[in-house]
Amino acid sequence: MDSLNALVVIANFVVVPGLAYGSQLALGALGVTMVYSVLRFSNFAHGELMSFGAMITVLMTWWLQEQNIGLGVLPTALIALPVAMLMTIFLALATDKVVFSYYRQKRSESVTYLIVSVGVMFTFGGLIRFIIGPADRVFTDGQRFLLKARAFKKMTGLNEGLAIKTTQGVTIIVAVIVVALIFWFLNKTKTGKSMRAYSDNEDLALLSGINPERVVMITWIITGALAALAGTLYGLDKSYKPFTYLSLLLPIFASAIVGGVGNPVGAIIGGYVIAFSELFITFAYKKVATYMLPGAWAPEGLVQLLSTDYKIAVSFVILLVVLLIRPTGLFAGKTI
Amino acid sequence: MFSQSTHPFLEKKRIPVLFGIMAVLFVIVGQLQSWNLSLAILNLCLISAIMTLGANIQWGYAGIVNFGIMGFAALGGLAGVLVSMPPVQAGWQAGGMGLLGGGVIIVLTSVLAVFVWGRIKHITRWRYWMMTAVILSGYLVMRAIVDPAVEAIESIESAKAGHIGGLNLPILVSWVVGGIFAAGAAYVIGRISLGLRSDYLAIATLGISEIVIYVLKNEDWLARGVKNVNGLPRPVPYEIDLQAELWVINLASRLDTDVPEMSSIIVKLTYAGLFTIVLLMLFWLFETALRSPWGRMMRAIRDNEVAANAMGKHVTAKHLQVFVLGSAVIGLAGAMLTTLDGQFTPASYLPLRFTFLIWIMVIVGGSGNNFGSILGGFVIWFFWIESEPLGLWLMDVITAPLSETSALRGHLLASAAHMRLMTMGLIMLLMLRFAPQGLIPETKR
């Protein structure tokens, strides 16, 4: 019984939040990885692109709520999401046309792209704050919990409760569907295969008659859609605040690099690795230890490796360790 | 825009003309808004210019992408606290031994880790796990010693102290110490990460700078974390003392301003003088370095690493050298900033303001040119501050046809303050596209 209780504590405070946060990071990292493998640069504007998508969802959700349109138990944001994805795709394509395509023509070095993407980041950040302001917005509605802690206790007769927020459930399900779609696209469709060919060997792909501009366009379409999705899911789960998306950029880069930049499977696994390491390292094991150890050994302190204040710092440390020990990531990167 | 050095005459005139325009802008702000504001902007422009000089020798001379400027500036700021504040004796008595013990454990663990790493070369499979075990056990021992000490220190008069304090030396000393702090950190960071590709280096340095800020925010025993350290001693007289001086009162009446205003202007001018001395010294130093064989070598390495390597130059060592040097200058500027503010507030260190804004200064000013860096620091900081009133005025003009009560007008006016992020982004993108060499391009030598 005690060990079951301990397991439930871990499931409630680490596994469920970790799966949700990991899915958000994975979707973000997938976008970064796509841009990296086709356009060959690390896109510092990706965080703001996510923020833009989430902003459109927030605005649409407000409008829908005014019209009394909703999904009942599910958050209204799910109806707004397709519009947000379209708008974000449009922004990504417009940015490519106005900004990045020039450097592609000039065949600039990847450092130039990197610095240009910082300029894009500033511009997006300003645009977003200009439209919606810097304040914190909560836009989730519908039923708050899929599974309430009290209901779980009653159901199982355990001391500890397990709660699953609706937003967490939605995040995980949406992430699974989208990832499945992306892999189907990359591996089964002709366009997807041409993208993989282009990212694997640009010259050879050009020789076989693949149109590079089309590949780039499709990459931005996928990236924009993924960014809007990841941004919205993160905003639903926590809350929407433009400022947080810049700090989210580093965990996302960390996920992409840990998995191997350019490798979609790696990006997804990297997302979960980062999310779970953040939670496991900053989790206070006191309760678990109390259940698992005999009474006399019960710990006095929190039994925590690092205080929760350092949660995001954990991902930076992992990022550094991976960069130094195995820069190619867990799975060798550079191809889709 | 400007074409690259087609007219040598234009080239020579460009620097005085651009700096002249900058001076006129300061006069306009002084006349239209207030001289106090104009000087406040000037002081921060001077500090920004020094940070930009530091960033420029990394990017402009050597092509190193350092996105960790914020961290080095914060370490310099920390030096301000650790040098100038009086020591908290009770804190040292309560936890000093624990902290020192923890420091010893960290050093011992590092030595042990390096030693073990060398000895277990043949055990490829378990090597990483054994290293993890060594480091983790060292960490746990360190925590066991340090945790009670930290708790003891933080519980002493936590409302106003709760940290170990400083050395009670003049705060000007901290400018040097800040540079040393940043240089030390840069040495360690450079040793482990300079081998990385440029975008990995960018991400790594950004990550490290975030970690530095996290530590400063959360380790209250060091510099009170987010509770901030206020009231750092000043290198210049206080306004309140100046207001009692006869010559200040006379000067105020002669210049037709009130005494508090006058005293505040005098304080700002003193700061400006101190900062200008530092800026000129560094500028002279860097110009000399750029003209010297060392400068030619750095440019050679930047433009063709392989060729420079073949000529017998140790590329990695030189990169490390320039990384440490540039970071030291940024740390110095960070200490100057804390001195000017009179307080150390870890929460105010944001990558947008401290890393990316400095990058815009380097790019806009002209990477590889020291005049350009100074101008970039001035122009960008000036517009970073002034784009708010300018944006508000612009919005007011644009929205004038709308009625007073229009919701759109209200929203646009309220959002005008956020114009500056977009303005900066657009300036950077336009410069990169149409004048990638910057306002004052690098001189061909």
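Heavy atoms only: backbone and side chains are in, while hydrogens, waters and symmetry mates are out. In what follows, chains carry the letters A, B, and so on, assigned in the order in which the sequence lines appear, proteins first and then strands, with residues in each chain numbered from 1.
Residue A:Ile257 touches chain B through its side chain alone, counting heavy-atom pairs closer than 4.5 Å. For A:Phe253, the part sitting under 4.5 Å from any heavy atom of chain B is the side chain, from C-beta outward, and nothing else. Neither the backbone nor the side chain of B:Met131 comes within less than 4.5 Å of any heavy atom of chain A. Using a 4.5 Å cut-off between heavy atoms, B:Leu352 touches chain A through backbone and side chain atoms alike. If you measure heavy-atom distances from B:Leu196 to chain A, the contacts under 4.5 Å come from the side chain alone. No part of B:Arg420 comes within reach of chain A, as not one of its non-hydrogen atoms sits under 4.5 angstrom from that chain. Only the side chain of B:Met428 comes within less than 4.5 Å of a heavy atom of chain A; its backbone N, CA, C and O stay farther away. Proximity to chain A is absent for every atom of B:Pro436, based on heavy atoms less than 4.5 angstrom apart.
Most heavy-atom pairs under 4.5 Å with chain A, from the set B:Leu140, B:Val65, B:Leu206: that is B:Leu206.
Panel note: side chain B:Trp359, backbone B:Ala55; no donor-acceptor pair is recorded below 3.5 Å.
Between B:Asp220 and B:Arg224, none of the side-chain N atoms (NZ, or NE/NH1/NH2) sits under 4.0 Å from a carboxylate O, so this pair counts as no salt bridge. The pair B:Glu442-B:Arg302 counts as a salt bridge, with a side-chain nitrogen and a carboxylate oxygen less than 4.0 angstrom apart.
Taking each heavy atom of B:Phe383 and B:Met424 in turn, the nearest pair found is C-CE, 3.9 Å.
Ring centers of A:Phe283 and A:Tyr285: under 6.0 Å apart, within the cut-off.
With no hydrogens or angles considered, a side-chain donor-acceptor pair links A:Ser239 and A:Asp136 at under 3.5 Å.
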